[in-house]
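Keep in mind that the numbers below use all heavy atoms, side chains included, and drop hydrogens, waters and symmetry copies.
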Amino acid sequence: MAIEHRRGVIVLALVASFMVFVDGTIVHLTLAQLASHLGASRAELEWAVNAYTLAFAAVMLGAGAITDTLGAKRAFVAGLLVFTVSSAACAAAPTMAMLNGARLVQGVGAALLLPSALVLATAAAGDEHARHRLVGWWSAAGGVGMAAGPLLGGALVAVADWRTVFGVNVLIGVPAAIWSVRSMPAVPRGARRLDVAGLVTATLLIGGLVFTLIEAPVQGLPSTPVVTAMILGVAGLAGFVLATRATSTRQAPALPGRDGRARRMPLVPAALYRDRVFVVTAAQGALFNLAFYGLLFAMSLMLQQGRGLGALSSGLLFLPLTGLIAVANLCAARLARRFGRPAVVGTAQAVLAGTFLLVAWAGTAEELWPLVLALVPAGFSSGLLVPSMTSQAIATVGPELHGAASAAFNTARQVGGAVGVATFGPLLGTAQGLRDGFVVCVLACAAAVAVGLLLTPLTRERARAAVTATT
């Protein structure tokens, strides 16, 4: 691969990681304008956040297999085109229904982009050392995107309006797509086939769950759409279990290299959900995202609608939370090597749960400086948690399952974030009582993280055994 092409692939992979994660948080600073410009209800605002998360989580579960099936270049180009076109549709949307539909498609594009970008970047690496370094850069680009989202969104809304938040993706996506089609080298396909039944049933499960949580407080449990969503969710769960079992029983005869056929693997291999440490870590990741994304949603509305702040001022107030995440990401690996991942995860959860109590108290103060100070340890402890839990989830299984473990863990996190936004919407209450509702939401954040803390001892025995085996 030519040096200029290699550099171009690496740059595109980093940009893709940044774009995918920035769009998960940038929309929070558009919520107040969406409510006023498009007359969005609270449920529609929740969908503006969750439509992206929902599609991202559902497709991400099978994203590795999709990349292997299409090939990394095709998956990347397809994801980039879907992401760019849907971003343009978001920017031009005249109604919330069209915006949220476009956000759903945007999440599909994001899920295709993420794993294919990583495969392309690592294939462009010259050696093993460069490959590990690129994975670190790729992860850091995503972390920077997540952290920069609120500030970037606030700045764009302040300078222009909410449509520019989505329009920027088009300005980046069009030239990136042209270069990808013309100059990006192909990467050989993997030997894994897509579990279509598992992907469809997982989507029904996740979609039914999130729809029920968002719409039940608005339409009521007896309503036809909510009951239908509940039925689809239950059917999705049953179908996913059956599809996983069926694929697992057919997996052995189709090992690559024996008969030349690609291997069909379940989206969640049995070795993952039978592993106690992985299941506990995935639950902790879901609880953390429930708290973190629920806090972003509640804080955005509290600052803009409850306190009357502008988008840029609100974005700046997110900096102590999101900015410290990037700093802590750099410290997480070093602290995990010294004290062990369970110790880092447990300590960070304890600090975060206690800090949320301070944030709840600060939310009742007339001045904003107590909130700013309380968000500093919240941001740093959050930054320690994400990479530590991700490494712990992957380290519990063999190298052949790292891709599936990463996809399943990140799916659990995204579902947790969607549930957090869906749950915190009703907890916030009316626009007149947003400050009191914010306190209730933050206390719920503290409770979710505390539950995760109680689960931490279940991961320690395996961690000690792993350390002993490698020394």
TODO: Please examine the side chains of Glu44 and Leu99, heavy atoms only from C-beta on, and report whether any two atoms are closer than 4.5 Å.
DONE: no
Task: Donor-acceptor contact below 3.5 Å, side chain Ser86 vs main chain Phe83 - done: yes
Open item on the list: Are Arg338 and Leu335 packed together at the side-chain level, in the sense that at least one heavy-atom pair is separated by less than 4.5 angstrom?
Closed with: no
Task: Atom pair CZ (Phe297) and CZ (Phe292), whose distance is rounded to the nearest 0.5 Å - done: 15.0 Å
- [ ] List the steps and the verdict of side chain to side chain contact (heavy atoms under 4.5 Å, CB included) for Leu458 and Val277.
- [x] CA-CA 7 Å; Leu458 297 176; Val277 177; over 6 Å; no
- [ ] Mind checking the CG-OG1 spacing from Leu112 to Thr67? Nearest 0.5 Å is all I need.
- [x] 7.0 Å
Task: Interatomic distance, Leu295 atom CG to Phe356 atom CZ [nearest 0.5 angstrom] - done: 5.5 Å
Open item on the list: A side-chain contact here means heavy atoms from C-beta on lying under 4.5 Å apart; do Pro225 and Glu215 qualify?
Closed with: no
Task: Between CZ on residue Phe318 and OG1 on residue Thr25, distance to nearest 0.5 Å - done: 9.5 Å
Task: Spacing of CZ belonging to Arg42 relative to CG belonging to Leu31, to within rounding of 0.5 Å - done: 9.5 Å
Show me the donor-acceptor pairs within less than 3.5 Å that the side chains of residues 49-61 make with the rest of the protein, sequence neighbours left out.
| from | atom 1 | to | atom 2 | distance (Å) |
| --- | --- | --- | --- | --- |
| Asn50 | ND2 | Ala418 | O | 2.9 |
| Tyr52 | OH | Val20 | O | 2.6 |
| Thr53 | OG1 | Val49 | O | 3.3 |

Open item on the list: Quick check: do Ile66 and Leu199 have side-chain heavy atoms less than 4.5 Å from each other?
Closed with: yes
Open item on the list: Taking the side chain as everything from C-beta on, heavy atoms only, tell me whether Leu12 gets closer than 4.5 Å to Leu120.
Closed with: no
TODO: Check step by step if side chain to side chain contact (heavy atoms under 4.5 Å, CB included) holds for Phe380 and Val351.
DONE: CA-CA 9 Å; Phe380 191 81; Val351 172; over 6 Å; no
- [ ] Please tell me if the side chains of Phe166 and Ile26 come closer than 4.5 Å, counting only heavy atoms from C-beta onward.
- [x] no
Open item on the list: Evaluate Thr411 against Val268 for side chain to side chain contact (heavy atoms under 4.5 Å, CB included), listing each step before the verdict.
Closed with: CA-CA 11 Å; Thr411 298; Val268 182; over 6 Å; no
Open item on the list: Measuring from atom CD of Gln106 to atom CZ of Arg103, what distance do you get when rounded to the nearest 0.5 angstrom?
Closed with: 5.0 Å
TODO: Could you tell me whether the side chain of Thr30 and the main chain of Val27 form a donor-acceptor pair under 3.5 Å?
DONE: yes
Task: For the student: nearest non-hydrogen atoms of Pro342 and Thr459, plus distance - done: CB-OG1, 3.8 Å
Open item on the list: I need the minimum non-hydrogen distance between Val22 and Ala148, along with the two atoms involved.
Closed with: CG2-C, 4.4 Å
Open item on the list: Which heavy atom of Ser223 sits nearest to which heavy atom of Val226, and what is that distance?
Closed with: OG-CG2, 3.2 Å
- [ ] Please report the closest heavy-atom contact between Ala282 and Phe409, naming both atoms and the distance.
- [x] CA-CD1, 3.8 Å
Open item on the list: Do Trp47 and Phe211 have side chains that approach each other closer than 4.5 Å (heavy atoms only, starting at C-beta)?
Closed with: yes
- [ ] May I ask you to test the Val442-Leu357 pair for a side-chain heavy-atom distance under 4.5 Å?
- [x] no
TODO: For the pair Thr347 (side chain) and Val344 (backbone), establish whether a donor and an acceptor sit closer than 3.5 Å, ignoring hydrogens and angles.
DONE: no
Task: Side-chain donor or acceptor of Ser300 paired with backbone N/O of Leu296 under 3.5 Å - done: no
- [ ] Apply side chain to side chain contact (heavy atoms under 4.5 Å, CB included) to Phe438 and Leu301, showing your working.
- [x] CA-CA 9 Å; Phe438 176 74; Leu301 291 179; over 6 Å; no
- [ ] Taking all non-hydrogen atoms of both residues into account, name the closest pair between Pro387 and Gly383 and its distance.
- [x] CD-O, 3.0 Å
Open item on the list: Ignoring hydrogens, what is the shortest heavy-atom contact between Phe339 and Ala343? Give both atom names and the distance.
Closed with: O-CB, 3.4 Å
For residues 444-457, dump all side-chain donor-acceptor pairs below 3.5 Å to protein atoms at least two apart in sequence or in another chain.
| from | atom 1 | to | atom 2 | distance (Å) |
| --- | --- | --- | --- | --- |
| Thr456 | OG1 | Gln284 | NE2 | 2.9 |
| Thr456 | OG1 | Gln349 | OE1 | 2.7 |
| Thr456 | OG1 | Gly452 | O | 3.4 |
| Thr456 | OG1 | Leu453 | O | 3.3 |

Which atom pairs, one a donor and one an acceptor, fall under 3.5 Å between side chains of residues 231-240 and the rest of the protein, sequence neighbours left out?
none

